[in-house]
Amino acid sequence: MAEQEDVIELAKRRGFFFGANGAYGGVAGFYTYGPNGAAVKDNLESAWRDRFTVRQGNMEIEAPTIMPEAVFEASGHLDGFDDMLVECPECGESHRADHLIEDNTGIEEAESLPIAEVKELIREHDLRCPTCDTPLADEPVEDFNLMFETSIGPGSGQPGYMRPETAQGIFVEFPRLKEYARNRLPFGVTQIGPAYRNEISPRKGIIRVREFTQAELETFIDPETDEPPLHEVEDVEVRLYSAEAQEADDGGITTTTVGEAVAEGVIASDWVAYYLGVAQEWYQRIGVDTDRFRFRQHLPGELAHYAADCWDAESEVGGDWIEITGFAYRSDYDLTKHADHSGESFTVFKQYDEPKTVERATVDPDMATLGPEFGGDAGAVAEALRTLAERDPDAFDADEVEVEVDGDSYTVDTDVANFSVETVTENGEHITPHVVEPSFGVDRIVYTVIEHAYRVDEVDGEERTYLALDPEMAATDAAVFPLVSNDDRLLDLADEVTADLRAAGLAVEYDDSGSIGRRYRRQDEVGTPFCVTVDRDGIEGDGPDTVTVRERDSARQVRVPVSAVADEIAALLDPETERAFDALAAAYDEIETDVETA
RNA sequence: GCGCCGUUGGUCCAGUGGUAGGACAUUGGCUUCCCAAGCCAAUAGCCCGGGUUCAAUUCCCGGACGGCGCACCA
């Protein structure tokens, strides 16, 4: 089991990631990815994009990271991300002031109260520290919002916030995005980018930070008719830690298939189940250790009020389980919120299979009459007539109808209202799509992939540390070495091979410093899957020049012609071909070495 | 944000009231035909601010950063 400290030390030393701004003492919660880490993260994002955007036929967008206040009023982040904390002067414990009030006064939703009122309530009810019973009446109530606030434009400008999740950037653009999807459900929109949370206490290296990268997919569906292609993943094995198992506290993780979990009702939403299956395969592809991975269902108390079912993908790192992805069925919550706050339409027009013929009561009030009669109230009266016609068409049977506007009663001649019942053809209706959201924490996945790849073994009796990264994730595809550095023929050919491999699009490291063993270890430690070594045996025979290709984990070597080496390595790296090193060994000559790995 | 502990070359550590030493790593050279070998040389450090002192990397105070516990994690 890898010690987290060892992984973090390696990450710092070999340029995966490290605390940012070190020259100025650093700032908690901000990390810089070094050359190797940035490459791994980039590879991970590419693999994500391949699976969740391209192969799903989804659309990727890139929205701004700063958004105006109104967006977060609508999303609920302005209130929901806002904590009021009060600290006990005696024992130093911090408590949520709103929770204290709710627990002790019967007042609900204390969260939305202004600070001054909260302070007053604490005094009034003589609320005390739940830990040590010290009165809190004179203690300051601190307002803490998890969002970074900024100001847009010169002077005081208008308030803006760094987005605390990428999702809102997709939701707010829905009215336009649905056009790009040609108004047809279901469709999915993805986004990869940074999000910001001003965490009270960032911890655990890159696991909990203030600026992080999310990869999110928002799937917009018609809840009535759209079904996921569950058959694609029904046989995928998943390890589930259900709410029931958590409450029973037996630590029981059940290994089952997606299909069974749906059939047994363990996973309530087919859509969520589908993405669990897709994600499971993707996590395996990028090298997450499936024995240190599970899907954990949210407990009833954890669920957001709009979510029917929610699961987290969790990985085990440093002995703890951390959330690396959330899968949520968000219903129409987000789009409805933005529709209400913006006044824009966040619906899709859904055509019926058959047009429906319906009778509809309408009025077309004669404003030329209503205007002079009711003055400024005329518009409201007309609106009230329209509402009445929908609700109670029979009211227009009489000669006069009566409507109420703001408590005042108005009487209108039925003739003036122009009441009629029309037969209209309805071709469909406007519906607000539901949203299914898998939301990936990229940095935590990068960390998981590195820690799960961390290995210590022995080569030739010497301890070796290496990263068994999946080739698709590794920062460098291959390294090229001349076996010894005092022979120009080897140096020249190594240069040539390096150029060939780079021309084939591979990320190649060239190294001629120190002994060959040292160079192998350098590459092992950053997870380079293959090393190509140019030696004299390869250029002194009669046949074409050859080089050796060494596999990282086993240290096995195969002699391959120079002319074929770029293609062969590209094939080894391609997740599609699944060409294994064994196949390479079978096609060429494997070299007998004395090197023992253990 | 609270409490405890810590912070010395790139990394990991030792040490000191008179400005520091090792190991590994890195760079250059020699050597070397396959797994951190050897030889020579080089580069490189006391977290920041204030105080005490003739003198502070060392002692004191504050801060920043890190680890652990608590709280927080919509």
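Here is how names work: the chains are called A, B, and so on, in the same order as the sequence lines, proteins then strands, and each is numbered from 1. Given the structure is predicted, the values throughout are model-derived calculations rather than measurements.
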Original post:
Which part of the nucleic acid does A:D460 contact within heavy-atom distance under 4.0 Å: base, sugar-phosphate only, or nothing?
Top reply: sugar-phosphate

Original post:
If you look at every strand shown and take non-hydrogen atoms under 4.0 Å, does A:D487 touch a base, only sugar-phosphate, or nothing?
Top reply: nothing

**OP:** Begin with the C-alpha distance, continue with both residues' side-chain angles, and end with the deciding distance and a verdict on salt bridge (Lys or Arg N to Asp or Glu O under 4.0 Å) for A:R455 and A:D457.
**Re:** CA-CA 6 Å; A:R455 305 269 191 286; A:D457 70 352; over 6 Å; no

**OP:** Would you kindly compare A:P202 and A:R444 by the position of their nearest RNA chain B nucleotide and give the one closer to the 5′ end?
**Re:** A:P202

**OP:** Is it possible for you to check whether A:R519 lies under 6.0 Å from the centre of the six-membered ring of A:F481, through NZ or CZ, and within 45° of that ring's axis?
**Re:** yes

Original post:
Do A:Q557 and A:T548 meet the criterion of a side-chain donor-acceptor pair at a distance under 3.5 Å?
Top reply: yes

Original post:
With sugar-phosphate meaning primed atoms plus P, OP1 and OP2, does A:E199 contact a base, only sugar-phosphate, or nothing at under 4.0 Å between heavy atoms?
Top reply: nothing

Original post:
OP1 or OP2 of B:U26 less than 4.0 angstrom from a side-chain nitrogen or oxygen of A:R522, does that happen here?
Top reply: yes

**OP:** Could you check whether A:N486 gets within reach of a base, just the sugar-phosphate, or nothing at all, counting any heavy atom under 4.0 Å?
**Re:** base

Original post:
Base, sugar-phosphate, or nothing: which does A:E5 touch, judged by heavy atoms less than 4.0 Å apart?
Top reply: nothing

**OP:** Taking only the side-chain heavy atoms of A:R518 (C-beta and beyond), determine which of B:C35, B:A25, B:C68 contains the nearest atom.
**Re:** B:A25

**OP:** Write down the distance between CG (A:N21) and C1' (B:C48), rounded to a whole number of angstrom.
**Re:** 15 Å

**OP:** Figure out the CZ/P separation between A:F18 and B:U7, and round it to whole Å.
**Re:** 23 Å

Original post:
For the side chain of A:R550, counting heavy atoms from C-beta on, which of B:U27, B:C35, B:C34 is nearest?
Top reply: B:C35

Original post:
Does A:T548 have a side-chain nitrogen or oxygen under 4.0 Å from the phosphate oxygens OP1 or OP2 of B:C34?
Top reply: no

Original post:
How does RNA chain B look in dot-bracket form if you count Watson-Crick and G-U pairs under 3.5 Å, write [ ] for pairs that cross, and put | where a base pairs with another strand?
Top reply: (((((((..((((....[..)))).(((((.......)))))....(((((..]....))))))))))))....

Original post:
What integer distance in Å separates A:R208:CZ from B:C73:C1'?
Top reply: 5 Å

Subject >> Candidate nucleotides B:C68, B:C35, B:C65, ranked by approach to the side chain of A:V27 - the nearest >> reply: B:C65

**OP:** Select from A:G26 and A:R203 the residue whose nearest nucleotide in RNA chain B is closer to the 5' end of that strand.
**Re:** A:G26

Subject >> Candidates B:A37, B:A74, B:A71 - which lies nearest the side chain of A:S515 >> reply: B:A37

**OP:** Please work out whether the ring planes of A:H338 and A:F346 are parallel, tilted or perpendicular, with thresholds of 30° and 60°.
**Re:** parallel

Original post:
When we call it a touch if two heavy atoms are under 4.0 Å apart, what does A:G22 touch: a base, just sugar-phosphate, or nothing?
Top reply: nothing

Subject >> Value in whole Å for how far the P atom of B:U11 lies from NZ of A:K12 >> reply: 6 Å

Subject >> Name of the residue among A:I207, A:I445, A:V442, A:D312 meeting side-chain contact (heavy atoms from CB on, under 4.5 Å) with A:I324 >> reply: A:I445

**OP:** Examine A:R296 relative to A:W321 and say whether NZ or CZ is less than 6.0 Å from the centre of the six-membered ring and inside a 45° cone about the ring axis.
**Re:** no

Original post:
With a non-hydrogen cut-off below 4.0 angstrom, is A:A555 in contact with a base, only sugar-phosphate, or nothing?
Top reply: base

Subject >> B:G15 to B:U7 separation - C1' atoms, rounded to the nearest Å >> reply: 15 Å

**OP:** Cation-pi check, A:R163 to A:Y196: give yes when NZ or CZ is under 6.0 Å from the six-membered ring centre and within 45° of the ring axis, no otherwise.
**Re:** no

Subject >> Partners passing side chain to side chain donor-acceptor pair (under 3.5 Å) against A:T213 (at least two apart in sequence or in another chain) >> reply: A:K41

Original post:
Do the side chain of A:Y520 and the base of B:C34 come within less than 3.5 angstrom through a donor-acceptor pair of N or O atoms?
Top reply: yes

